[in-house]
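One structure is given here, and the rest of the page talks about it.
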Amino acid sequence: MEVTARAPGKIILSGEHGVVHGSTAVASSIGLYTSVTIHFPSQNENDGNLKLRLRDLSLEFSWSISHIQECLKESNKADCLKPSAPAACLSNLQALVEEQHIPEAKFGLASGIKAFLWLYTCIQGYKPATVSVSSELPMSSGLGSSAAYCVALSAAFLSFSSATKLDVGKQGWQEFEDDELKLLNGWAFEGEKIIHGKPSGIDNTASTYGNMIKFKSGNLTPFTSSLPLRMLITNTKVGRNTKALVAGVSERTKRHYEAMACVFSAVDSISTELSEIIKAPAPNDIAITEFEEKIEELMEMNQGLLQCMGVSHASIETVLRTTLKYKLTSKLTGAGGGGCVITLLPTLLSQTVVDKVIAELESCGFQCMVAGVGGKGVQVSFKT
Ligand SMILES: Nc1ncnc2c1ncn2[C@@H]1O[C@H](COP(=O)(O)OP(=O)(O)O)[C@@H](O)[C@H]1O
Ligand SMILES: C[C@@](O)(CCOP(=O)(O)O)CC(=O)O
Ligand SMILES: [Mg+2]
């Protein structure tokens, strides 16, 4: 018996970083997924191990269940119905990860593996299994790969627990009930904390619920766009780490508290206005351009404030300049410092211009994709 869970990545249209400091932000899921399959061994297959296979990286990690239990059992008193942080056993989790000799170039993975061990043992306890992960999302690029990973892990583990009422015999993708989504989002948030340090929760919430969300201080308001929005996503391929960038903004806030409070307040107003515009009744054909120009102006203002926070990067500025040549507006998305940039593709923009801008961005070594905004949140599919 096995189950596969898939969870989407996200783009933040407005409010990244500010949202960590209490500002409103607007995010949307995108149609790129991280998938997690959990397989419990039959009696013949059972070698007493818990295995984590990261398929895209061709890496496999394995621990004997008895060893994990020895390391964690005193400190892990978790209940799968109550998402909790690994405060008391962080050093034990660290030791379990260190013994795996992760390649130095992949060192960022250590926190992801810790999150896996924490979520698995809290939700499933001490059972041998093989967990395989694959992803369409570029890692560490601002599209929320860490959140999609934590949501997909939590969904897969909870599917085989008493906390969910899914139909194990049903074919195809199925969705969770509202209370189940709340629980799995809570666990994914605990995983994000292990990876990010101080996440706002917007990424795991966008991945769990899908579509568009307005998010402030842990509170979610789902909404839909009155018109389909199309974004060009440009991956600068400059690697960065969300935890370090979030910590950098907090440091700047400590140094310049009053000024940064004004920046966060401006971000809050921009996100609130953006969500009002997007969800307002669909404009007629003549007003579409005006509607898109308002979105572009708010994106541009938000990008200016992200520069104030110190999270832009030379590669991001190159994307901004390049798209501006074609009269297109862009902003960084996610933590910045490299990673991905989004560019609104207006409805009336010709495909010739889209092709030209993509060709120019790709000639700089960047990678482009066109994404529709919105889409389903987490789903699971059983195989008997
Ligand atoms: N498919 C995956 N397999 C294992 N770990 C993952 C996966 N996706 C994300 N992670 C974890 O998330 C980290 C990247 O998260 P982060 O810096 O927040 O970037 P982003 O969420 O923007 O992609 C990775 O270093 C790793 O620890
Ligand atoms: C910078 C931030 O607002 C978003 C981070 O997104 P990502 O991990 O870069 O995809 C942090 C957060 O909200 O937790
Ligand atoms: Mg992340």
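We count ligands from 1, going down the list as the structure has it; atoms in each ligand are counted the same way.
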Counting backbone and side-chain atoms alike, does S146 have an N/O/S atom under 2.8 Å from the Mg ion (ligand 3)?
yes

Proximity of A115 to ligand 1 by residue part, where a heavy atom lies under 4.0 Å:
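The answer is neither.
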
Go through ligand 1 atom by atom and flag the ones less than 4.0 Å from a non-hydrogen atom of S111.
27 (O)

For ligand 1, which atoms have a heavy atom of L143 less than 4.0 angstrom away?
22 (O)

Can you list, by chain and residue number, every protein residue with a non-hydrogen atom closer than 4.0 Å to ligand 2?
K10, I12, E16, H17, V19, V20, G142, L143, G144, H196, P199, S200, I202, D203, R240, T242, V246, G334, A335

Decide whether V341 and L13 are clustered together by the hydrophobic rule: side chain heavy atoms of Ile, Leu, Val, Met, Phe, Trp, Tyr closer than 4.5 Å, transitively.
yes

Where the closest heavy atom to atom 21 (O) of ligand 1 is concerned, which of S140, G142, S146 has it?
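Residue with the shortest heavy-atom distance to the ligand atom: S146.
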
Answer yes or no: is there a side-chain heavy-atom contact under 4.5 Å between L50 and I68?
yes

Closest non-hydrogen protein atom to [atom], residue and atom name please, with distance?
atom                    : answer
atom 24 (C) of ligand 1 : M139 SD, 3.7 Å
atom 1 (N) of ligand 1  : V133 CG1, 3.6 Å
atom 25 (O) of ligand 1 : G108 O, 3.1 Å

Contact check, E192 vs ligand 1, heavy-atom distance below 4.0 Å:
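So E192 does not count as touching ligand 1.
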
